[in-house]
Amino acid sequence: MTYLAAENRYDGTMLYNRTGRSGLKLPAISLGLWYNFGGVDILENARAVIHRAFDLGITHFDLANNYGPPPGSAESTFGQILRQDLAPYRDELIISNKAGYLMWPGPYGEWGSRKYLIASCDQSLKRTGLDYFDIFYSHRPDPNTPLEETMGALDFIVRSGRALYAAISTYDPEQTRQAAAILRDLGTPCLIHQPRYNMFDRWIEDGLLDVLGEEGVGCICFSPLCQGILTDKYLAGVPEDSRSAKIDGEFHWKDTLTQARIAKVRRLNEIAQARGQSMAQLAIAWTLRHPGMTSALIGASRVSQIEDSVAAVQNLALSTEELEQVEAILAAD
Ligand SMILES: NC(=O)c1ccc[n+]([C@@H]2O[C@H](COP(=O)([O-])OP(=O)(O)OC[C@H]3O[C@@H](n4cnc5c(N)ncnc54)[C@H](OP(=O)(O)O)[C@@H]3O)[C@@H](O)[C@H]2O)c1
């Protein structure tokens with residue numbers, strides 16, 4: 001069936017925030033393809049989720065070379081959906097990609113060398129069938145490669161037309177300051193940083209947000225729902241079709257589904273309900289409360305989750321009292 005984007009997709013459902021001091025706006029909610037869009041997943045579901053996201057004003061889709069499983073397959077899925085459905089809308093889309101984690105064997109298949117980043121970017125362009133990415137990231141800092149080399153590779157990727165903007169992910173505050181300075185000197189400013197941030201992982205409050213504000217770099221936080229733990233989905237056990245069940249409870253980033261956490265989510269969910277929101281919506285609104293937070297980068301396994309999460313933008317303001325209640329719950333033993 002031919003896809004036609006909803007005519008009212010920009011009619012106010014979504015908010016668009018300026019990214020740092022750049023000219024680019026990103027939707028307050030962006031969609032990542034880490035899970036649920038791989039070769040092991042159902043293509044028609046992936047297609048439906050992406051269509052619904054775009055229809056609701058999500059213009060930014062986030063990829064990495066290794067998303068799948070198997071690695072590379074999320075790029076192929078997205079490429080197919082682009083060719084089939086989204087090609088007429090290419091100029092309405094911000095598509096990001098990254099390189100940093102293991103992608104192929106041997107000494108050039110991961111980390112931050114110029115050799116790896118440029119080869120990986122070229123592979124990713126082929127797999128997606130795109131002429132260029134809007135944003136290209138160094139996915140993680142490499143302790144064994146000079147930062148000048150990694151940033152120089154990003155600058156080259158932009159100058160050679162493979163990407164429009166350069167970005168970094170999971171760099172600590174000092175690495176971020178240095179990376180931003182190098183990129184500025186090269187004439188390719190760092191557009192945005194992609195750190196992990198949610199109610200259970202708040203490391204960016206300890207310096208990173210300040211550095212980003214000073215440097216004029218945007219911020220897009222990943223896993224705002226803590227991979228689904230900060231929703232109501234685990235309050236009555238572990239559903240069979242959940243990420244936790246699929247990965248046997250072995251979440252990345254040491255996310256754990258402990259009873260203590262579930263008890264906190266239950267109490268947080270009461271605040272959400274009092275606001276007339278779902279737990280997922282409260283968790284997203286909470287990450288977006290920082291003025292420097294450009295976008296919350298969510299995942300979704302089905303259309304209903306996109307609809308629920310996007311509706312968070314209808315009620316983002318949190319009162320001082322609500323914020324204090326959240327703090328008290330998070331701080332409790
Ligand atoms: N830069 C990096 O190093 C890095 C690392 C990780 C991720 N990322 C990026 O961040 C993106 C998002 O990461 P994430 O998937 O962990 O994000 P997340 O939004 O914290 O978790 C997404 C999961 O939460 C559940 N969910 C989503 N919306 C829901 C709703 N409204 N109600 C109930 N459950 C809901 C779904 O779980 P079920 O599948 O169980 O239904 C979904 O798969 C990735 O796709 C990727 O683009 C970047």
Side-chain angles (χ1 to χ4, degrees), residues 29-38 40-42 45-46 49-50 52-53 56 58 60-69 74-75 77-78 94-102 110 135-141 167-171 192-201 203-204 219-249 251-255 257 265 269 272 277-288 295-313:
I29 296 177
S30 303
L31 178 64
L33 281 70
W34 180 27
Y35 278 98
N36 308 311
F37 299 86
V40 298
D41 298 300
I42 297 164
N45 185 57
V49 169
I50 286 172
R52 193 71 183 121
L56 290 174
I58 293 186
H60 178 27
F61 296 90
D62 182 70
L63 288 161
N65 54 1
N66 59 338
Y67 291 173
E75 296 176 318
T77 299
F78 190 71
I94 297 296
I95 303 164
S96 56
N97 212 318
K98 319 184 192 80
Y101 287 94
L102 181 65
E110 63 179 324
I135 306 173
F136 198 80
Y137 285 90
S138 161
H139 206 161
R140 59 171 167 173
I168 56 176
S169 177
T170 65
Y171 280 53
I192 198 162
H193 188 307
Q194 188 178 124
R196 187 175 135 91
Y197 182 58
N198 59 53
M199 288 179 183
F200 291 140
D201 184 356
W203 73 276
I204 69 170
C219 187
I220 177 166
C221 66
F222 70 82
S223 299
L225 305 175
C226 197
Q227 305 202 51
I229 297 172
L230 282 163
T231 72
D232 59 8
K233 75 179 309 159
Y234 295 111
L235 293 181
V238 177
E240 251 175 53
D241 59 352
S242 63
R243 187 178 299 184
S244 181
K246 285 188 209 153
I247 58 173
D248 257 343
F251 285 105
H252 277 270
W253 304 90
K254 300 199 181 82
D255 284 334
L257 203 52
V265 176
N269 194 34
Q277 275 188 322
S278 69
M279 181 58 224
Q281 291 167 0
L282 172 66
I284 290 168
W286 184 87
T287 64
L288 287 170
S295 187
L297 177 52
I298 60 162
S301 64
R302 62 208 74 181
V303 166
S304 59
Q305 291 176 352
I306 288 286
E307 291 168 345
D308 181 44
S309 296
V310 167
V313 299

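All ligand and atom numbering here is 1-based and tracks the order in the structure.
At the shortest separation from atom 14 (P) of ligand 1 among protein heavy atoms lies Ser223 OG, 3.6 Å. Taking atom 27 (C) of ligand 1 as the reference point, the nearest protein heavy-atom neighbour is Gly299 O, 3.2 Å. The protein heavy atom nearest to atom 47 (O) of ligand 1 is Asp62 OD2, 2.6 Å. Residue, atom and distance of the protein heavy atom nearest to atom 21 (O) of ligand 1 are Gln227 CA, 3.3 Å. Atom 5 (C) of ligand 1 has its closest protein heavy atom at Phe222 CE1, 3.1 Å. Annotation: atom 25 (C) of ligand 1 to nearest protein heavy atom, Gly228 CA, 3.8 Å. At the shortest separation from atom 3 (O) of ligand 1 among protein heavy atoms lies His139 NE2, 3.3 Å. Of the protein's heavy atoms, Trp34 CB, 3.3 Å lies nearest to atom 44 (C) of ligand 1.
The contact set between ligand 1 and Asn36, taken as ligand atoms under 4.0 Å from a residue heavy atom, comprises 43 (O). Less than 4.0 angstrom separates some heavy atom of Ser242 from each of these atoms of ligand 1: 40 (O).
Of the listed residues (Val310, Leu225, Leu297, Asp255), the one carrying the non-hydrogen atom nearest atom 11 (C) of ligand 1 is Leu297.
Shown here are the side-chain hydrogen bond (donor to acceptor under 3.5 Å, both in side chains) partners of Ser301, two or more places apart in sequence or in another chain: Gln305. In this view, Arg196 and Asp201, Asp255 satisfy the side-chain hydrogen bond (donor to acceptor under 3.5 Å, both in side chains) rule, not counting sequence neighbours.
At least one heavy atom of Arg302 sits less than 4.0 Å from an atom of ligand 1.
Between Asp232 and ligand 1, a contact under 3.5 Å exists for no N or O pair. The distance criterion of under 3.5 Å between nitrogen or oxygen atoms is not met by Asp241 with respect to ligand 1. Ligand 1 has no nitrogen or oxygen under 3.5 angstrom from a nitrogen or oxygen of Trp253. Residue Arg243 places at least one N or O, backbone or side chain, under 3.5 Å from an N or O of ligand 1. Between Ser169 and ligand 1, at least one pair of N/O atoms sits closer than 3.5 Å. Between Asp308 and ligand 1, at least one N/O pair is under 3.5 Å apart. Between Ala280 and ligand 1, a contact under 3.5 Å exists for no N or O pair. By the 3.5 Å distance cut-off applied to N or O atoms, Leu33 is counted among the residues near ligand 1. Of the polar atoms of Ser301, at least one N or O is found under 3.5 Å from an N or O of ligand 1, judged by distance alone.
Distance check, rounded to the nearest 0.5 Å: CD of Gln194 to OH of Tyr137 gives 4.0 Å. To the nearest 0.5 Å, atom CG of residue Asp62 and atom CG of residue Leu33 are 8.0 Å apart.
Phe78 and Phe61 have tilted rings, their planes meeting at an angle from 30° to 60° on a 0 to 90° scale.
The main-chain N or O of Tyr67 is never found under 3.5 Å from a side-chain atom of Glu75 such that the two would form a donor-acceptor pair.
The shortest side-chain heavy-atom distance between Ile298 and Pro224 falls under the 4.5 Å cut-off.
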